Colleague: 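Take a look at the following structure, please.
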Amino acid sequence: MKERFVVIGGDASGMSAASKARRENPELEIIALEKSNYASYAACGLPYYIKGNVQDVEDLIAITPEVFRQKRNIDLRLQHEVIKIEPEEKTIQIVSPQGESTLAYDKLLISTGARAVQPPIKGVDSEGVFILRGIPDAVGIKEYLTRRRPQSVLVIGGGYIGMEMADAFYSLGMSVQIVELLPHLLNSFGSEISEEVENETQNYARLYLGHRVNEIRPDQPGRLSVYLSREVDRKEERVETEMVLIATGIVPEVTLAREAGIELGKTRAIITDEYGQTSIPDIYAAGDCAEVKSIVTNQNIYLPLALTANRNGRAVGSTIAGKKTPLTPVAGTAVVKLFELEVATTGVVNQEIARQYGFEPVKVTIESSTRAGYCPGAKPIKVSLVADRNTKRLLGSSMVGGEGVSKRIDIVAAALYGQFTVRQLENLDLAYAPPFSPVWDPVLDAARVLNGKLG
Ligand code: FAD
Ligand code: NAD
């Protein structure tokens with residue numbers, strides 16, 4: 001009998017695993033179960049679909065179910081929700097439009113992703129209140145925008161999704177308000193960078209930093225009152241809006257794993273070994289439901305990003321197909337485009353967190369220019385760089401600027417993989433011509449200043 005590989009969750013990590021397993025082992029029987037009606041979709045493109053940059057939601061489907069079934073010989077079953085894993089029997093329970101069924105597996109991958117956090121706010125189920133996680137959410141938002149034509153939106157959460165969506169709503173001509181619980185937008189990037197983000201965002205949206213939403217109350221069809229309070233003194237305020245987007249973070253979707261007795265980490269995501277195997281043999285996990293190892297601290301962390309999901313899914317697929325492939329540690333490199341800015345981060349930039357991992361962090365923030373100062377189109381850029389005083393090793397960076405940020409953060413990410421000292425970063429021979437950077441690229445500049453501070 002053929003060995004059977006079953007995948008739970010048909011998006012980035014799950015379908016990467018299934019595809020790689022098929023390439024490595026044509027004999028394997030591969031079944032992928034996805035509870036929604038969509039597989040292999042680009043969640044990252046959803047804000048751009050709502051914004052109108054992507055016309056058709058189907059354009060976000062990377063590989064169609066037909067291609068998986070016919071060309072890759074992967075039995076992809078949509079609208080199939082796994083409701084239980086029974087490790088002793090090596091079976092799973094499924095609910096589908098055909099009813100309940102049991103399926104046996106030899107190897108199992110849990111790639112169930114994450115789900116949006118719903119903060120305890122009264123009235124979150126009111127009409128006009130949305131979250132954004134999958135295609136149905138995006139379609140719902142788009143439908144509401146088309147049908148109701150709201151002129152205003154209040155975004156709860158100034159993190160990645162909140163900021164990308166604030167940009168999208170603004171570009172649709174809406175008046176935007178953002179409520180963020182912490183003192184800063186994109187708080188984890190560090191205050192020096194966040195302050196630039198806030199200066200920029202204020203040109204496009206009304207900000208309520210350090211505020212909490214307590215209640216959303218529908219006044220009349222299409223009009224909502226939102227009751228906020230300021231964290232420092234609990235001062236209350238009522239603001240009006242026609243629509244609300246909740247983007248207050250995500251948590252790993254680990255219900256199946258937990259109920260099956262699979263070990264979870266401190267982050268509440270699934271712990272795996274270096275090949276993605278969980279605490280139960282023959283059950284693997286990858287993507288937004290699993291922890292990953294940090295290249296900087298060598299500790300497990302929760303960093304739910306797309307490349308990690310794709311790459312680790314692929315590694316697990318390869319291992320299951322018989323070619324053992326370890327997972328790759330992550331630097332946690334991310335970039336966001338908002339309004340006229342690019343903002344990016346990699347590694348550990350929060351000094352408090354760095355101390356928790358035993359480092360003695362030293363941080364500098366420099367201001368520079370994205371091109372030679374005399375070159376038309378040059379824009380300001382700010383770079384924060386953090387290193388460990390004792391080893392002089394680079395720990396992380398955040399940047400904000402008008403252009404060229406996404407590729408500059410990649411320089412630092414590569415340096416983190418090389419376990420570079422700040423001196424090694426400073427000595428890199430980077431490309432220079434006036435339309436692309438000053439002679440001393442801002443990254444080199446920051447490294448030079450940090451070196452001086454490290455002594
Ligand atoms: P998911 O994509 O969440 O897929 C999990 C799948 O499992 C889902 O399809 C779900 O329906 C299915 N499932 C869950 N439970 C079951 C069950 N019991 N039975 C069957 N199926 C089940 N990352 C970046 O790096 N850059 C970006 O720009 C970026 N932008 C983003 C924008 C948005 C709006 C969102 C929501 C995310 C964004 N991300 C971005 C994050 C990125 O999309 C995720 O890291 C990635 O999708 C994770 O892939 P995954 O396969 O692990 O999980
Ligand atoms: P997030 O963690 O980036 O941001 C959530 C924000 O909501 C935080 O700033 C948090 O302080 C705030 N918040 C939490 N509770 C709140 C409350 N009650 N009231 C007001 N604010 C509150 O999460 P997200 O924006 O939902 O994004 C989810 C994940 O998707 C991210 O962690 C990221 O991994 C991924 N993502 C990445 C990109 C990218 O790389 N460009 C884009 C979108 C999403």
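All values below were derived from every heavy atom in this structure, side-chain atoms included, with hydrogens, water molecules and symmetry-related copies excluded. Because the structure is predicted, anything quoted here is derived from the model rather than measured. One-based numbering, in listed order, for ligands and for the atoms of each.
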Colleague: Could you go step by step and tell me if Gln93 and Glu86 meet the side chain to side chain donor-acceptor pair (under 3.5 Å) rule?
Modeller: CA-CA 8 Å; Gln93 301 290 335; Glu86 293 157 321; 3.0 Å; yes
Colleague: Have a look at Ala247, Ala306, Gly158 and point out the one with the heavy atom closest to atom 5 (C) of ligand 2.
Modeller: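 Checking each option, the heavy atom nearest atom 5 (C) of ligand 2 is found in Ala247.
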Colleague: Just to confirm my output: which protein heavy-atom neighbour is closest to atom 20 (C) of ligand 2, and how far is it?
Modeller: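 The protein heavy atom lying closest is Leu181 N, 3.4 Å.
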Colleague: Ignoring hydrogens, what is the shortest heavy-atom contact between Glu403 and Ile381? Give both atom names and the distance.
Modeller: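 The pair with the smallest heavy-atom distance is O-CD1, 4.4 Å.
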Colleague: Within the 3.5 Å criterion, strictly below it, is a donor on Glu253 or Thr255 matched to an acceptor on the partner's side chain?
Modeller: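 The answer is yes; a qualifying pair exists.
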Colleague: Pairing donors with acceptors under 3.5 angstrom, does anything connect the side chains of Glu231 and His211?
Modeller: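 Not at all, the side chains of Glu231 and His211 share no donor-acceptor pair under 3.5 Å.
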Colleague: Under 4.0 Å from a heavy atom of Leu305: which atoms of ligand 2 are those, numbered in the order shown and with their elements?
Modeller: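 Answer, ordered by atom number: 34 (O), 37 (C), 40 (O).
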Colleague: For Glu164, take its heavy atoms, then give the atoms of ligand 2 lying under 4.0 Å from any of them.
Modeller: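 Ligand 2 atoms under the 4.0 Å threshold to Glu164: 41 (N), 42 (C), 43 (C).
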Colleague: Between Arg148 and Glu127, does any side-chain N to carboxylate O distance fall below 4.0 Å?
Modeller: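 Looking at Glu127 together with Arg148, the answer is yes, because their closest N to O distance falls below 4.0 Å.
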Colleague: Exactly which residues line ligand 1, taking a heavy atom under 4.0 Å from it as the test?
Modeller: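 Within 4.0 Å of ligand 1, protein side: Ile8, Gly9, Asp11, Ala12, Ser13, Leu33, Glu34, Lys35, Tyr41, Ala43, Cys44, Pro47, His80, Glu81, Val82, Ser111, Thr112, Gly113, Ala114, Leu132, Arg133, Ile161, Leu256, Gly287, Asp288, Pro304, Leu305, Ala306, Ala309.
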Colleague: Please determine if Gly249 has a nitrogen or oxygen closer than 3.5 Å to a nitrogen or oxygen of ligand 2.
Modeller: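 Looking only at distances, the answer is yes, because the N/O contact criterion of under 3.5 Å is met.
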Colleague: Taking Leu46 as the fixed residue, which of Val54, Leu132, Val139 is the one that meets the side-chain contact (heavy atoms from CB on, under 4.5 Å) rule?
Modeller: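 For Leu46, the side-chain contact (heavy atoms from CB on, under 4.5 Å) check succeeds only for Leu132.
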Colleague: Do we see a donor-acceptor contact under 3.5 Å between the side chains of Ser152 and Glu242?
Modeller: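 Glu242 and Ser152 do have a side-chain donor-acceptor pair below 3.5 Å.
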Colleague: Can you tell me the protein heavy atom closest to atom 18 (N) of ligand 2 and the distance?
Modeller: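 Its nearest protein heavy-atom neighbour is Pro119 CB, 3.9 Å.
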Colleague: Do Arg72 and Ser19 get their side chains close enough for a donor-acceptor pair, meaning under 3.5 Å?
Modeller: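 Checked: Arg72/Ser19 side chains pair up, N/O donor to acceptor below 3.5 Å.
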Colleague: When you measure from atom 11 (O) of ligand 2 to every protein heavy atom, which one gives the shortest distance, and what is it?
Modeller: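 So the nearest neighbour among protein heavy atoms is Glu180 OE2, 2.6 Å.
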Colleague: If the cut-off is 4.0 Å to any non-hydrogen atom of Val179, which atoms of ligand 2 fall inside it?
Modeller: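 Here the atoms of ligand 2 in question are 20 (C), 21 (N).
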Colleague: Regarding Ser96 and Gln79, do their side chains bring together a donor and an acceptor under 3.5 Å, going by distance alone?
Modeller: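 No.
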Colleague: Suppose we measure from atom 32 (O) of ligand 2 to each protein heavy atom; which comes out shortest, and what is that distance?
Modeller: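 Result for atom 32 (O) of ligand 2: Pro304 CG, 4.1 Å.
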Colleague: Are Glu240 and Ser225 close enough that a side-chain donor and a side-chain acceptor fall under 3.5 Å?
Modeller: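 Checked: Glu240/Ser225 side chains show no N/O donor-acceptor pair below 3.5 Å.
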Colleague: Measure Val335 to ligand 2 on non-hydrogen atoms and call it side chain, backbone, both or neither using the 4.0 Å cut-off.
Modeller: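 The part of Val335 near ligand 2 is the backbone, not the side chain.
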Colleague: Is there a donor-acceptor contact under 3.5 Å linking the side chains of Tyr357 and Arg355?
Modeller: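 Per modelled atom types, Tyr357 and Arg355 side chains form no pair under 3.5 Å.
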Colleague: Hey, which atoms in ligand 2 end up nearer than 4.0 Å to a heavy atom of Leu182?
Modeller: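 The list of qualifying atoms is 11 (O).
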Colleague: Check whether NZ of the Lys or CZ of the Arg Lys107 lies under 6.0 Å from the centre of the six-membered ring of Tyr284 and within 45 degrees of that ring's axis.
Modeller: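 Not satisfied by the 6.0 Å and 45° rule.
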Colleague: To which protein heavy atom is atom 17 (C) of ligand 2 closest, and what is the distance rounded to 0.1 Å?
Modeller: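 Minimum-distance protein heavy atom for atom 17 (C) of ligand 2 reads Thr248 CG2, 3.8 Å.
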Colleague: Which ligand 2 atoms does Ile156 reach within 4.0 Å, using its non-hydrogen atoms?
Modeller: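 Close to Ile156: 19 (N), 20 (C).
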Colleague: Within this structure, what is the OG-CG distance for the pair Ser188 and Leu182, rounded to the nearest 0.5 Å?
Modeller: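 The CG atom of Leu182 is 9.5 Å from OG of Ser188, to the nearest 0.5 Å.
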Colleague: Specify the protein heavy atom at minimum distance from atom 38 (C) of ligand 2: its residue, its atom name, and the distance to 0.1 Å.
Modeller: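 It is Tyr160 CD2, 3.4 Å.
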Colleague: What I want to know is whether His211 and ligand 2 share at least one N or O pair that is separated by under 3.5 angstrom.
Modeller: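 It does not: no N or O of His211 is found under 3.5 Å from an N or O of ligand 2.
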Colleague: Among all protein heavy atoms in this structure, tell me which lies nearest to atom 29 (C) of ligand 2, with the distance rounded to 0.1 Å.
Modeller: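 Minimum-distance protein heavy atom for atom 29 (C) of ligand 2 reads Ile250 CD1, 3.7 Å.
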Colleague: Could you identify the single nearest non-hydrogen protein atom to atom 25 (O) of ligand 2 and state the distance to 0.1 Å?
Modeller: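 For atom 25 (O) of ligand 2, the nearest protein heavy atom comes out as Ile161 N, 2.8 Å.
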Colleague: Which ring-ring contact (aromatic ring centres under 6.0 Å, His included) pairs, counting each pair once, include a residue from residues 91-135, with sequence neighbours left out?
Modeller: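 Residue pairs with at least one partner in residues 91-135: Phe130-Tyr144.
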